[in-house]
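Before any comments, here is the structure.
Owing to the predicted nature of the structure, the values given are computational and were not obtained by experimental measurement. In this chain, residues are counted from 1 in sequence order.
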Amino acid sequence: MTPALTALLCLGLSLGPRTCVQAEPLPKPALWAEPGSVIIRASPVTIWCRGTLEAQEYRLDKEGSTEPWDRQKPLEPKNKARFSIPSMTEHHAGRYRCYYISPAGWSEYSDPLELVVTGAYSKPTLSALPSPVVASGGNVTLRCGSPEGYQHFVLIEEGEHRLPRTLDSQQLHSGWFQALFPVGPVIPSHRWTFRCYYYYRNTAQVWSHPSDLLEILASGVSRKPSLLTLQGPIVAPGENLILQCGSNVGYDRFALYKEGDHDFLQRPGQQLQAGLSQANFTLGPVSHSHGGQYRCYGAHNLSSEWSAPSDPLDILISRQIYDVVSLSVQPGPTVASGENVTLLCQSWRQFHTFFLTKEGAAHPPLRLRSEHQAQQYQAEFPMTPVTSAHGGTYRCYGSLSYNPHLLSFPSDPLELVVSGLSGGSSPPPTGPPSTPGLGRYLEALIGVSAAFVLLFFLLLCLLLRRQRQSKHKISDQRKTDFQRPAGAAEPEPKDRGLLRRSSPAADVQEENLYAAVKDTQPEDGVELDSRQSPYDEDPQAVTHALVKHSTPRREMASPPSPLSEEFLDTKDTQAEEDRQMDTEAAASEAPQDVTYAQLQSLTLRWEATEPPPSQEGEPPAEPSVYATLAIH
């Protein structure tokens with residue numbers, strides 16, 4: 001019995017002896033499904049119907065069925081009932097209504113609930129045009145597409161009470177089917193996440209698998225980050241590609257988007273020093289699908305608004321076209337600085353664009369459209385005038401217009417060598433080009449060599465000074481020996497192995513001293529004539545002293561040695577001995593004779609020598625007597 005029929009019966013019975021209790025319609029119940037009205041195949045779902053506390057029974061009807069689909073007693077406190085579906089299938093998909101019965105009669109029907117099962121077909125793609133990052137307050141177009149010829153596409157925004165939006169499909173010239181959903185205006189305070197499905201017209205409650213989730217980012221006017229690649233813009237297949245997004249604003253998270261993709265990647269920001277932040281996006285192993293144009297964005301955790309987009313970065317994938325390209329240089333690979341140089345990319349096969357790259361360069365590759373000349377496709381890259389910065393290794397690639405991010409195999413490397421200034425007097429170097437590292441090495445080598453030479457001369461000076469100090473010490477020792485007073489004990493020598501003794505009972509000295517005494521005018525004073533031996537510096541040197549009995553005077557036959565001066569400057573005791581020797585010389589019978597006194601081991605020995613025979617006309621030579629004093 002329907003609620004309308006019940007109302008009519010109550011109206012007819014009211015004319016009789018008994019009146020109907022229900023004077024007005026009962027409020028209609030509410031109907032909803034958990035976890036939602038769009039259920040994945042084989043997943044459980046719960047349908048709730050909520051009425052009043054007077055409800056005694058709840059019933060659930062499915063559109064197209066003549067009998068109630070299910071009946072349930074109310075749950076405490078009797079204002080609602082639960083209808084369970086343990087495993088969702090196409091049989092459960094459809095439109096549902098519920099109502100309840102109370103002592104006052106039947107309630108009205110609830111609003112319809114459309115229960116959809118998903119997973120019957122392959123999933124479509126969902127993307128944002130032109131980008132999933134939209135300026136705050138702007139609009140964006142979401143494109144849901146599939147290669148199959150389905151009649152309808154459905155766009156659902158994630159969240160509670162988000163009604164699906166349905167559009168008919170449109171077929172493109174390529175055979176692709178799609179539907180475009182305008183969305184906006186986008187505000188940062190709201191999270192915009194979407195999925196899309198498709199279905200056939202005759203089975204509106206049986207949908208495909210859901211597309212990947214697409215989130216729309218609201219970008220503001222905050223400072224844009226920078227995007228760069230650590231490997232270079234041209235990557236070979238199989239390599240790992242790392243894109244680095246960074247900023248000095250200190251963003252907490254970053255997003256990377258490739259143009260034409262339906263989604264973007266998000267990474268937490270790494271906080272560096274001085275307010276810098278960055279995030280690395282690792283893509284790979286690289287394939288042809290990684291080629292394209294990329295941008296990145298930054299955001300703070302406390303804000304849902306993203307920054308302005310970075311400058312675009314083109315990623316090019318090489319070795320995708322097997323046609324060969326060549327690279328040449330005019331006038332030659334070795335040029336002088338200031339000359340005009342042209343790098344020429346050529347190929348016998350058709351290429352729409354040529355790319356020129358320099359090994360190790362930070363800037364993106366140069367690109368030029370090709371020209372068809374002499375049955376070849378080519379592009380000329382002029383460099384006028386060249387400098388040392390142009391030197392390096394170059395390669396050339398080709399690409400086609402319908403997929404500009406896929407490149408050919410690289411050309412053979414070409415090394416450009418830039419020498420000194422053009423027109424100089426010195427010819428350009430013929431050997432291998434010098435490198436800054438070699439120059440720094442030569443400068444360091446010259447500096448080390450100079451320091452070594454300076455150190456060598458310093459050591460040599462120190463050595464000579466030490467030798468001179470050693471000689472002065474020996475000389476001072478000799479002076480000390482000659483200045484020692486008579487009768488003083490001789491100091492113990494340091495090295496006895498080098499001394500010789502003439503008598504075991506007496507100390508011997510290291511030098512022989514010869515004194516020559518010439519008798520002249522006994523009444524006069526004493527004149528000492530000393531002659532320096534060529535061995536003055538030798539410890540065993542011999543010194544001759546000639547004493548004349550005349551007016552006291554001193555004649556130097558040769559520059560006096562230090563030993564002779566010390567001997568002549570002896571103190572009173574030595575002067576007394578000189579006067580004694582002078583007295584003995586005065587007693588000689590021949591006034592002009594020369595007498596030598598030799599003392600050996602404190603014993604005076606007299607020796608006479610005959611003068612050599614004189615020649616005619618010359619006076620006879622005077623005989624000489626030697627007194628030798630040997631001090632060992």
Can you give the donor-acceptor pairs under 3.5 Å from side chains of residues 192-201 to other protein atoms, not counting sequence neighbours?
residue, atom, partner, partner atom, Å
Trp192, NE1, Ile187, O, 3.3
Trp192, NE1, His190, O, 3.1
Arg195, NE, Glu158, OE2, 3.4
Arg195, NH1, Ser211, O, 3.1
Tyr198, OH, Ser122, N, 3.3
Tyr198, OH, Ser122, O, 2.3
Tyr198, OH, Ser122, OG, 3.1
Tyr198, OH, Tyr150, OH, 3.4

Sequence neighbours left out, cut at 3.5 Å: what donor-acceptor pairs do the side chains of residues 31-40 make with other protein atoms?
residue, atom, partner, partner atom, Å
Trp32, NE1, Glu34, OE2, 3.4
Glu34, OE1, Trp48, NE1, 3.3

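The only option from Tyr109, Trp69, Phe83 that meets the ring-ring contact (aromatic ring centres under 6.0 Å, His included) definition with Tyr96 turns out to be Trp69. For the pairing with His372, the ring-ring contact (aromatic ring centres under 6.0 Å, His included) check across Phe351, Trp348, Tyr377 returns one residue only, Tyr377.
Applying the side chain to side chain donor-acceptor pair (under 3.5 Å) test to every pair with at least one member in residues 379-388, sequence neighbours left out, gives these pairs: Thr387-His390. The list of side chain to side chain donor-acceptor pair (under 3.5 Å) pairs with a residue in residues 241-251, not counting sequence neighbours, reads Ser222-Tyr251, Arg223-Asn248, Gln244-Asn280. Sorted by first and then second residue, the pairs that involve residues 308-410 and meet disulfide (SG to SG under 2.5 Å), not counting sequence neighbours, are Cys345-Cys396.
Checking side-chain atoms of Arg95 against main-chain N and O of Glu114 turns up no donor-acceptor pair under 3.5 Å.
In this view, Asn139 and Pro185 satisfy the side chain to side chain contact (heavy atoms under 4.5 Å, CB included) rule, not counting sequence neighbours.
By the 4.0 Å N-to-carboxylate-O rule, Arg165 lies too far from Glu157 to be salt-bridged with it. In this structure, Arg295 does not pair ionically with Glu259, as no charged nitrogen and carboxylate oxygen lie closer than 4.0 Å.
A cation-pi arrangement, defined by a distance under 6.0 Å to the six-membered ring centre and an angle within 45 degrees of its axis, is present between Arg253 and Trp306.
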